[in-house]
Amino acid sequence: MVSPRCWKGASWRPQPAGGRAEFLPPPSPRVFMGCQGKDVCAEGKGNREDRGNGDLSKAMSQDGASQFQEVIRQELELSVKKELEKILTTAPSHEFEHTKKDLDGFRKLFHRFLQEKGPSVDWGKIQRPPEDSIQPYEKIKARGLPDNISSVLNKLVVVKLNGGLGTSMGCKGPKSLIGVRNENTFLDLTVQQIEHLNKTYNTDVPLVLMNSFNTDEDTKKILQKYNHCRVKIYTFNQSRYPRINKESLLPVAKDVSYSGENTEAWYPPGHGDIYASFYNSGLLDTLIGEGKEYIFVSNIDNLGATVDLYILNHLMNPPNGKPCEFVMEVTNKTRADVKGGTLTQYEGKLRLVEIAQVPKAHVDEFKSVSKFKIFNTNNLWISLAAVKRLQEQNAIDMEIIVNPKTLDGGLNVIQLETAVGAAIKSFENSLGINVPRSRFLPVKTTSDLLLVMSNLYSLNAGSLTMSEKREFPTVPLVKLGSSFTKVQDYLRRFESIPDMLELDHLTVSGDVTFGKHVSLKGTVIIIANHGDRIDIPPGAVLENKIVSGNLRILDH
């Protein structure tokens, strides 16, 4: 990703996967205007004869440059406005108002994208958060629960971010519909959790799904199967924004459709869009009218993100009597989490800093587990009244994430996004809570899927908990090779999921299959070289072993 706050006449240079996109500075306006030899050159400096008035000529040069850049910005905004107006004319009447809101939201984001200059954070201003601004979970839990926990629960809404597709795991359709445990999908487990909560405490906690235009239709079809569950389920859609041609900075879309040639012209603009789209849907007002006060927001693929009664009680009954409008659950970093966003103190406020905002010279410092010890789990507790107030004041401030993409036809585009946690600085009395690692159990890859399908976890009422039989509270490090990337291939390679209770580390590479009832312990490395195939026989016990291409088993 790139720093969004550079002058946007620059060209983009995306880095390879895993790297960061880089911003190339634009040529000086003087070059565009025909700078020649001894006149003011590309850096705005004259030759010796021209520099007699020093500061004055420098000021004039800078003023001229900024004026030129402003003209370019205004012309570009006008061009984009015209393109968006053309697109809006193609909207059917029943979609007109909704499309207009989306395009208006995009225009505001694009305007900010063009206006903002310089890095989004000044590294020198970043400070460690004050001790009381990030509370240990144990302290929150020690307060216990009140007798009226049911009435407290009745003021909660669970919101799951459900805009993503399962394409990275080789699946079509919404990621939430991938089977993860005993044929239960992410969505099944979520509904089971909330139904159990409602039955246990005789409450009415609703589930809200923020879908995208990619996931909405398929998700709504599936929701019919939950009609008899004791959970009210609502949905609303993220905005739909046009992707931008990297060179011209104009929208790729020519009309509102997202089929045929237009399939790749649109995108959902990140989960930071939740504030505007939730408000615009009317659902925010509906829930406030029903007496709801807080939302618990999390990614639907984070199986550790269950409703926590102790955190909810802390919000509803603040110890100092001062309402907290925003809580971010953070957890301790491991070496696998060095790229995760972290909470800092910045200009007197808690602020989420992502790796994409960090100046290159400080990236290693940012990744340091000793200096920045925590990262954002994206489990958030947010006041509904505060969202409404800030949305109506247009006061929610989130950094722009510029995400470069290459479309199937080879066209380079950018999409402007925001992240939900970045808004923490806009809310009053915000708080971080350092929660146990068990509340962060995302399933992004089949390596993660292997962990949650194994006997490391037991399933109860939709919630996964670490097996008591595992002696260590940490999760094994699992790295499955490219032959396992797609869920279909992954499932074909395991006749049954191995016993992993005593596993510390597993690396598998190449054409490898596992028979039934395999047991893995300690560190196990299985590497099939190109052209070789390794079949781990049924009932095999591998403890601290390296298995190479010819199936020799060596002590590790």
Side-chain angles (χ1 to χ4, degrees), residues 1-15 19-33 42 64-91 99-120 238-258 261-270 272-273 276 356-357 397-419:
M1 294 181 186
V2 299
S3 168
R5 297 178 178 241
C6 305
W7 184 61
K8 303 308 181 295
S11 60
W12 301 93
R13 183 167 68 199
Q15 295 296 309
R20 298 199 306 151
E22 185 180 344
F23 221 94
L24 300 178
S28 157
R30 297 277 179 179
V31 175
F32 287 125
M33 298 170 78
S66 61
Q67 283 182 8
F68 177 77
Q69 291 175 7
E70 185 56 36
V71 169
I72 293 292
R73 274 196 288 269
Q74 288 176 3
E75 288 182 358
L76 187 52
E77 278 202 71
L78 189 60
S79 298
V80 167
K81 181 185 175 186
K82 287 178 180 175
E83 290 295 313
L84 296 179
E85 286 170 351
K86 284 182 196 172
I87 292 170
L88 186 59
T89 61
T90 69
T99 304
K100 187 174 186 302
K101 281 181 180 177
D102 281 356
L103 296 181
D104 284 347
F106 172 78
R107 270 188 64 196
K108 287 178 185 174
L109 197 62
F110 188 76
H111 173 78
R112 279 183 52 212
F113 166 71
L114 293 182
Q115 290 293 329
E116 293 170 357
K117 306 171 188 175
S120 57
Q238 276 178 273
S239 304
R240 185 165 69 101
Y241 285 0
R243 283 179 166 139
I244 307 166
N245 184 310
K246 190 186 83 167
E247 300 303 327
S248 66
L249 293 185
L250 295 176
V252 174
K254 299 303 175 193
D255 57 57
V256 295
S257 69
Y258 45 98
E261 291 182 5
N262 250 14
T263 305
E264 294 187 295
W266 300 89
Y267 71 99
D273 182 59
Q357 298 166 253
D397 179 23
M398 295 171 284
E399 289 74 34
I400 298 173
I401 300 165
V402 183
N403 195 353
K405 299 270 184 184
T406 302
L407 304 187
D408 286 345
L411 181 67
N412 291 320
V413 298
I414 55 173
Q415 49 193 53
L416 307 180
E417 303 174 6
T418 54

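Start at 1 with the first residue, then count along the sequence.
Minimum heavy-atom separation, Val80 to Leu249: CG2-O, 3.7 Å. The minimum heavy-atom distance between Asn262 and Ser257, with the atom names listed, is ND2-O, 2.8 Å. Residues Pro269 and Tyr241 approach most closely at CB-CD2, 3.4 Å, considering heavy atoms. Listed here is the closest heavy atom pair of Trp266 and Arg243: O-NH1, 3.8 Å. Residue Thr90 comes nearest to Val256 through the heavy atom pair OG1-N, 3.0 Å, listed as atom of the first residue, atom of the second, then distance. Contact record, Ile87 with Asp255: CG2-C, 3.9 Å, taken as the closest heavy-atom pair.
For the pair Asn412 and Glu247, the minimum side-chain heavy-atom distance is 4.5 Å or more. Here the side chains of Asp273 and Pro268 are not in contact, with every heavy-atom distance at 4.5 Å or above. Using a 4.5 Å heavy-atom cutoff, the side chains of Arg112 and Asp397 are in contact. Contact annotation: the side chain of Arg73 never approaches that of His111 to less than 4.5 Å [non-hydrogen atoms, C-beta and beyond].
Of the inter-residue distances, the one linking Glu70 atom CD with Glu75 atom CD reads 11.0 Å to the nearest 0.5 angstrom. In this structure, CG in Asn245 is found 5.0 Å from CG in Leu411, a value given to the nearest 0.5 Å. Remark: Lys101 NZ to Arg240 CZ distance equals 15.5 Å, nearest 0.5 Å. Of the inter-residue distances, the one linking Thr99 atom OG1 with Leu84 atom CG reads 11.5 Å to the nearest 0.5 angstrom. Note: Ile401 CD1 to Gln357 CD = 7.5 Å, rounded to the nearest 0.5 Å. For the atom pair CG (Leu114) and CD1 (Ile72), the distance works out to 11.0 Å, reported to the nearest 0.5 Å.
In terms of modelled atom types and a separation under 3.5 Å, the side chain of Tyr267 and the main chain of Leu416 share a donor-acceptor contact. For Glu264 (side chain) and Asp408 (main-chain N/O), a donor-acceptor pair under 3.5 Å exists by modelled atom type. Distance alone, capped at 3.5 Å, places no donor-acceptor pair between the Ser239 side chain and the Asp102 backbone.
For Lys86, the salt bridge (Lys or Arg N to Asp or Glu O under 4.0 Å) criterion is met by Glu83, not counting sequence neighbours.
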side-chain contact (heavy atoms from CB on, under 4.5 Å) evaluation trace for Val413 with Ile244: CA-CA 5 Å; Val413 298; Ile244 307 166; 5.9 Å; no
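The aromatic rings of Phe110 and Phe113 sit tilted, their planes meeting at an angle between 30° and 60°.
If you run side-chain hydrogen bond (donor to acceptor under 3.5 Å, both in side chains) between Asp104 and each of Lys100, Lys108, Arg107, only Lys100 comes through.
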